[in-house]
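Here the structure is a predicted model, which means the values were calculated and not measured. So that the names make sense, note that chain A is the first sequence line, chain B the second, and so on, each numbered from 1.
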Amino acid sequence: MVNNKEPNKIEEINECPECNSKKLTRDDNRAELVCNNCGLVLDDDLIDYGPEWRAFDSEQREKRARTGAPMTPLVHDKGLTTTIDWKNRDFYGRSIPNRNRARVYRLRKWQKRLRTSQYQERNLIEALQYLDRMSSALELPRSVRENAAVIYRKAVNKNLIRGRSIDGVVASTIYAACRQCGVPRTLDEISDKTNIKRKEIGRNYRHINKALKLNLKPTSPKDYIARFSSDLDLGSETKSRALKILKRANKKELTSGRGPIGLAAASLYMASVLSGEKRTQKEISETSGVTEVTIRNRYKELADELGIKIAV
DNA sequence: AAGACGAAAGTGGTTGA
DNA sequence: TCAACAACTTTCGTCTT
């Protein structure tokens, strides 16, 4: 929170368009910028950068200064709840010349704002409930959840939800967030835990990725290695061996056009055999979600091209 | 008996006319 | 919008240990 308050600093508007008066008052109590001459409200929703308390000496300032709960995108109002101040002050605290105009102006503005924001708020509340439930089922770290929430917010603001189910979109934002954070989950994994069809998640994801210009690149096989190998109880030696295989494969351009998950599975299979803690193709198939056949095909290719001999 | 293998047909998504 | 296409899956019979 910024403590250095500059109460009457007016940044963008410094002249009343109605009467060209330069005497403007910034009213932080009502968050409005008002013309002293005609009373027209020039801007509202100003941000008050000052603290909400007043300090009369430096000791009090020390005591009262504190940081509040952090802002989080996981609550629909970002954790910053507005409380209305019912001081013994009249709504129209003081008399404003030409009051009608200012009033109508303001009402119209609010009317418009409420109409559009109401739908979005409701939508967001419901979406965040889904997000909470789904990401718990997937055991996602908080950073990923917040990322997903941010993406969803953007999607709502851009009206991308229309015609799609809320839970479907939430699932796809989770998918996107996982990728963004470098800890991708497969579409199948998310589909399993959320009861949303894989097809739908993929479709929504593509739409959002394009419309919001997230520019998420295709996942790399190495992103899956850590998770799969811990699921398979593989040691760190095997893990790094698998990564080495992938690196070499990448250099030889064996990876382009191949599914990253299949490659990850195949390299783990090879590494597990080479390191003497062998897992069967079936086991790897089950944790990775690709079939044994694909693992076989991939690892044959890798073994041939890289000259690795595997004793089965 | 379990794991690995590979042929063949089927599926879902991308691409380019 | 449609067909061609590549990657991947499913299924299933065979081989190896």
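The CZ atom of A:Arg296 sits 8 Å away from the P atom of B:dA4 (whole-angstrom rounding). Note: CD (A:Glu292) to C1' (B:dC5) measures 10 Å, nearest angstrom. B:dC5 atom C1' lies 15 Å from atom CD of A:Glu301, rounded to whole Å. Atom NZ in A:Lys282 sits roughly 14 Å away from atom P in C:dT11 (whole-Å rounding). In this structure, the CD atom of A:Glu286 is 14 Å from the P atom of C:dT9, given to the nearest Å. Put simply, CZ on A:Arg279 is 17 Å from C1' on B:dA4, counting in whole angstrom units. Atom CD1 in A:Ile295 sits roughly 15 Å away from atom C1' in C:dT10 (whole-Å rounding).
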I'd like to know whether A:Asn123 forms a side-chain hydrogen bond (donor to acceptor under 3.5 Å, both in side chains) with A:Tyr152, so could you lay out the CA-CA distance, the side-chain angles of the two residues, the decisive distance to 0.1 Å, and finally the verdict. CA-CA 10 Å; A:Asn123 187 315; A:Tyr152 192 90; 2.6 Å; yes
Dot-bracket for DNA chain C: what is it, with Watson-Crick or G-U pairs under 3.5 Å, [ ] where a pair crosses earlier ones, and | for a pair to another strand? |||||.|||||||||||
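Of the possible polar contacts, one joining the A:Lys252 side chain to the A:Glu305 backbone as a donor-acceptor pair under 3.5 Å is found. Between the A:Arg145 side chain and the A:Leu140 main chain, a donor and an acceptor come within less than 3.5 Å of each other. No donor-acceptor distance shorter than 3.5 angstrom exists from the side chain of A:Thr255 to the backbone of A:Asn250, with no hydrogens or angles considered. Put simply, the side chain of A:Thr287 gets close to the backbone of A:Ile284: a donor and an acceptor are under 3.5 Å apart.
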Please list every donor-acceptor pair under 3.5 Å in which a side-chain atom of residues 230-237 of chain A meets a protein atom from a residue at least two apart or in another chain.
from, atom 1, to, atom 2, distance (Å)
A:Ser230, OG, A:Arg227, O, 3.2
A:Glu237, OE2, A:Arg241, NH1, 3.4

Could you write nucleotides 8-16 of chain B as a row of B, S and -, 5' to 3', where a protein heavy atom under 4.0 Å of any base atom gives B, of only sugar-phosphate atoms gives S, and otherwise -? -----SS--
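Taking only side-chain nitrogens and oxygens, A:Lys278 never comes nearer than 4.0 Å to OP1 or OP2 of B:dG3. OP1 and OP2 of B:dA4 both lie 4.0 Å or more from every side-chain N or O belonging to A:Tyr299. The phosphate of B:dA2 has neither OP1 nor OP2 within less than 4.0 Å of any side-chain N or O from A:Gln281.
Residues A:Arg198 and A:Ser191 come closest through the heavy atom pair N-OG, 3.5 Å.
Shown for residues 216-230 of chain A: no residue has heavy atoms falling under 4.0 angstrom of DNA chain B.
One distance of note links CD of A:Gln129 with CD1 of A:Ile166; it measures 10.0 Å at 0.5 Å rounding.
A donor and an acceptor atom, one from each side chain of A:Ser165 and A:Asp167, are located under 3.5 Å apart.
Ion pairing of A:Arg179 with A:Asp223 is absent here, as no side-chain N (NZ or NE/NH1/NH2) approaches a carboxylate O to less than 4.0 Å. Between A:Glu200 and A:Arg164 there is no salt bridge, since no side-chain nitrogen of the basic residue lies less than 4.0 Å from a carboxylate oxygen of the acidic one. Contact check on A:Arg142 versus A:Glu146 returns a salt bridge, with a Lys/Arg side-chain nitrogen under 4.0 Å from an Asp/Glu carboxylate oxygen.
Of the listed residues (A:Ile225, A:Leu302, A:Leu268), just one forms a side-chain contact (heavy atoms from CB on, under 4.5 Å) with A:Leu246, and that residue is A:Ile225.
By the salt bridge (charged side-chain N to carboxylate O under 4.0 Å, His left out) test, A:Asp192 pairs with no residue at all, sequence neighbours left out.
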Just the atom pairs and distances: protein N or O near nucleotides 5-8 of chain C's N or O, under 3.5 Å.
from, atom 1, to, atom 2, distance (Å)
C:dA7, OP1, A:Arg258, NH2, 3.1
C:dA7, OP2, A:Arg258, NH2, 3.4
C:dC8, OP1, A:Gly259, N, 2.2
C:dC8, OP2, A:Arg298, NH1, 2.2

